[in-house]
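Notes for the one structure printed next.
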Amino acid sequence: DSGVTQTPKHLITATGQRVTLRCSPRSGDLSVYWYQQSLDQGLQFLIQYYNGEERAKGNILERFSAQQFPDLHSELNLSSLELGDSALYFCASSAQGGQGSYEQYFGPGTRLTVT
Amino acid sequence: GDSVTQMEGPVTLSEEAFLTINCTYTATGYPSLFWYVQYPGEGLQLLLKATKADDKGSNKGFEATYRKETTSFHLEKGSVQVSDSAVYFCALRNTGGFKTIFGAGTRLFVKA
């Protein structure tokens, strides 16, 4: 158990809909990362927050947005869903958020299926 | 930009065989290098890491040496077990950067 929790575990929805994925980082970790894992694209970095502020952006679509709240939990919002958005979405957290050899701790993931 | 290239899988081995999973990287400066492992149905876990040239990371019988001259960080294990079946990801984080760049992952199957 990494200490990172994600809800829900599974989500099935229709094209065009909007969903929210939730992540609670490990106690004391200030940094939260979101990744998308699909069979054809591998593990893609989406976005990072550090203590409530956006720190880095990866291959995140404009239909997707995220935020980190004062209690440090984070939400990833996916809208106008398409079939190609079906994937595993991972959240990770770390104590630090910049350069260095620190470890990221990954949650168990949310499996999103768009039908 | 920075990138990580891993050998394509799947890799299928018999129990007690020797394992090598190749990883090479492209980066400016002196990145930190990582191997993460993903067991079926779980998130990624850090397996080992190395922070400078010639460093050797090791954990659970796995080893990888940071080779700057060949820009490589190959993962090795002398004798694999069925329980090592998983997907292995090589990754780097560059100095001054906030992103961790992951390779595509290599799936390992170990047969009894």
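Below, chain A is the first sequence line, B the second, and so on; all start at residue 1. Just so we're clear, the structure is a prediction, and the values are computed from it rather than from any experiment.
B:F18 is linked by a ring-ring contact (aromatic ring centres under 6.0 Å, His included) to nothing, counting only residues two or more places apart in sequence or in another chain.
Hydrophobic clustering (ILVMFWY, side-chain heavy atoms < 4.5 Å, transitive): B:V37 and A:L88 are in distinct clusters.
In this structure, B:Q38 and A:F106 have side chains that are not in contact, with every pair of non-hydrogen atoms separated by 4.5 Å or more.
Residue B:K68 qualifies as enclosed at atom NZ: its count of foreign heavy atoms under 6.0 Å is above 12. Other residues, nucleotides and ligands contribute only 12 or fewer heavy atoms inside 6.0 Å of the OH atom of B:Y30.
When all heavy atoms of B:F89 and A:Q37 are compared, the pair lying nearest together is CZ-NE2, 3.4 Å.
Here the CD atom belonging to A:Q104 is positioned 5.0 Å from the OH atom belonging to B:Y36, to the nearest 0.5 angstrom. How far OG of A:S2 is from CG of B:L44: 10.5 Å, rounded to the nearest 0.5 Å.
Put simply, of B:A91, B:G41, B:G43, the one with the most heavy-atom pairs under 4.5 Å next to chain A is B:G43.
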Enumerate, atom names and distances included, each donor-acceptor pair closer than 3.5 Å involving a side-chain atom of residues 103-112 of chain B, sequence neighbours excluded.
residue, atom, partner, partner atom, Å
B:T106, OG1, B:Q6, NE2, 3.0
B:T106, OG1, B:M7, O, 2.7

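The only option from A:Y35, A:F45, A:F90 that meets the ring pair (Phe, Tyr, Trp, His ring centres under 6.0 Å) definition with B:F102 turns out to be A:Y35.
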